[in-house]
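Read the structure below first, then the notes.
Each chain gets a letter, A, B and so on, in the order the sequences are listed, and its residues count up from 1.
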2 protein chains.
Amino acid sequence: MKALVVDDDLALADVVSFTLRRAGHEVIVANDGAMALERWKLEAPDFIILDLNLPKLNGLEVCQRIRVTSKTPILILSVRDEDDDVVAALHYGADDYMVKPFSPRQLVARVEAVLRRAGVEHRSPEQLTAGDLTLDCLRGEIIIGGEPLGRLTHLENQLLQTLMLNQNQTLPASTLIDHVWGPAGGDKAMLKQLMYRLRTKIGAASKNTRLETVPGVGYSLVTERKPPKR
Amino acid sequence: MKALVVDDDLALADVVSFTLRRAGHEVIVANDGAMALERWKLEAPDFIILDLNLPKLNGLEVCQRIRVTSKTPILILSVRDEDDDVVAALHYGADDYMVKPFSPRQLVARVEAVLRRAGVEHRSPEQLTAGDLTLDCLRGEIIIGGEPLGRLTHLENQLLQTLMLNQNQTLPASTLIDHVWGPAGGDKAMLKQLMYRLRTKIGAASKNTRLETVPGVGYSLVTERKPPKR
DNA sequence: TTTTTTTGTTACCGCTTTGTAACCAACCTG
DNA sequence: CAGGTTGGTTACAAAGCGGTAACAAAAAAA
């Protein structure tokens, strides 16, 4: 597994890196919050060990931004041991919180526990298909019946991904809002507008896939996959 | 969410229970390892708070047995603070490990982090059935004898769910009002109107299920589950 | 830095849902 | 028997919801 270790203390970053490499992980290091976000985007690590006290962008902010679009496991490793710190980090999406000085063995065990729970599902699939509709998740491009239809904006992409991953199921508005906007939060008016935009782009192009409203509940991506049997 | 709290220290089990209930969870308690397994099987909790030092069957053994067949999130709460203990528990499948004395706030935050990662959704029954009548609770759609009949409004859905969950029992008007309107409150005139609307939608479509008035008391969903014997 | 695109916010409109009041028949009580 | 209550039905106003559009602010791209 590929790890991103974020700490402005170079010596400690080395120790953590060594610990993780010994446990069989590949490690990339970032020494400040901005570099962390950059490396996260470019390297797509499987998990992140994140300090809180960072130059340029603190760890909590990093965590929050990552959580907007990603479920990559995040373990906080910090000198801060107050309840408020722990609770805040966990609230912003961290999966675990360890206080320095830390036990290398315990760090490895906790990494493994979180990865076990996370499974492989946190990785975004490269492509999703529903009926004759295909979404290139990375590029946000939609293809219908082999014909490229155009590109989605970031939020449109997240919404369609969520719907496609749960095709033929009704997703409550609250669930969609959580998945699209994450801890930053959104509201029903924003979802309504986004859904309108998504429908505008997809329109009636697909022959067997449509975006359905479930009044008072939410939305569903419906595919007529099974033609009536005769 | 339903929690199973396992601790032989009754006072501590009470504190943990209180903490979790305050956070909105339902709590069941077991005081030894054997009872824990029994309750886990019977109650199907959404997560488990597990002590290690338990009579009859220690916590590690409980964790191990549960993990053979289940992914139910498990948080260890123990006086043991040695690395070996933490690493072993995490290795045997625990999702998190906290040492006593514990911070209630941090316990709640860690429970939430683990549940979030586990993707445990608040569960409500997806479908309810009474006789030949089926209700999709999320979509509010009614199906009779396999034929979709239509969609209920939110309040109609709540009313029918309450009646179906208590089929063949008389529910007083006050109970129905509480369940349908909750803290917002309702009154008998509103219930009367709502029942009329529900009857209008369900009508006489069902062959073995009907909405019955109990004068001066309330209503009941009656199913003739046992066909007359011939 | 400027331009373009994306996103958030507000408004409008039509349709649906819900609350409220009224009417009527049936039943019960004094 | 008259009056009051209850339950079913109807009608309409008020509230809410979902689709669509416009514009300002923020973000991204050139």
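Ranking C/dA11, C/dG8, D/dG8 by closeness to the A/Lys192 side chain, first place goes to C/dA11. For B/Thr153, taking side-chain heavy atoms from C-beta onward, the closest of the listed nucleotides C/dT7, C/dT18, D/dG7 is C/dT18. Distance from the side chain of A/Gln193 is smallest to D/dA21 among D/dT9, D/dA21, C/dA11. Checking C/dG19, D/dT20, D/dG8 against the side-chain heavy atoms of B/Thr213 singles out D/dG8 as nearest. Checked against D/dT9, C/dT20, C/dT9, the side chain of B/Tyr196 finds its nearest nucleotide in D/dT9. Of the candidate nucleotides C/dT20, C/dT10, C/dA11, C/dT10 has the atom lying nearest to any side-chain atom of A/Ala189. Distance from the side chain of B/Arg199 is smallest for D/dG8 among the nucleotides D/dG8, C/dT20, C/dT9.
Backbone-only engagement by B/Leu155 is indicated by non-hydrogen atom pairs under 4.0 Å involving sugar-phosphate atoms exclusively. Note on A/Gly186: nothing from the nucleic acid sits closer than 4.0 angstrom, heavy atoms only.
The distance between atom CZ of B/Arg151 and atom P of D/dC17, rounded to the nearest whole Å, is 15 Å. B/Lys188 has its NZ atom 22 Å from the P atom of C/dT18, to the nearest Å. In this entry the distance linking CG of A/Leu198 with P of D/dT20 reads 13 Å, nearest Å. Rounded to whole angstrom, the span from the CH2 atom of B/Trp181 across to the C1' atom of C/dT17 amounts to 12 Å. Atom CG in A/Leu194 sits roughly 14 Å away from atom C1' in D/dT20 (whole-Å rounding). Taking atom CG of residue B/Leu191 and atom P of nucleotide C/dT20, one finds them 14 Å apart after rounding to whole Å. Atom-to-atom, CG of B/Leu211 to C1' of D/dG8 comes out at 14 Å; the value is rounded to the nearest Å.
You'll find a donor-acceptor pair under 3.5 Å spanning the side chain of B/Arg197 and the base of C/dG19, going by distance alone.
Ion pairing of A/Asp96 with A/Arg117 is absent here, as no side-chain N (NZ or NE/NH1/NH2) approaches a carboxylate O to less than 4.0 Å.
Although no hydrogens or angles enter the test, the distance criterion places a donor-acceptor pair under 3.5 Å between the side chain of A/Asn208 and the main chain of A/Asp132. Looking only at distances, a side-chain donor or acceptor of A/Asn168 sits under 3.5 Å from a matching main-chain atom of A/Thr223. The main-chain N or O of A/Gln169 is found under 3.5 Å from a side-chain atom of A/Ser220 such that the two form a donor-acceptor pair.
With a 4.5 Å cut-off on side-chain heavy atoms, A/Pro45 and A/Arg39 do not count as touching.
Along DNA chain D, the nucleotide closest to A/Gly216 and the one closest to B/Met195 are compared, and the more 5′ of them pairs with B/Met195.
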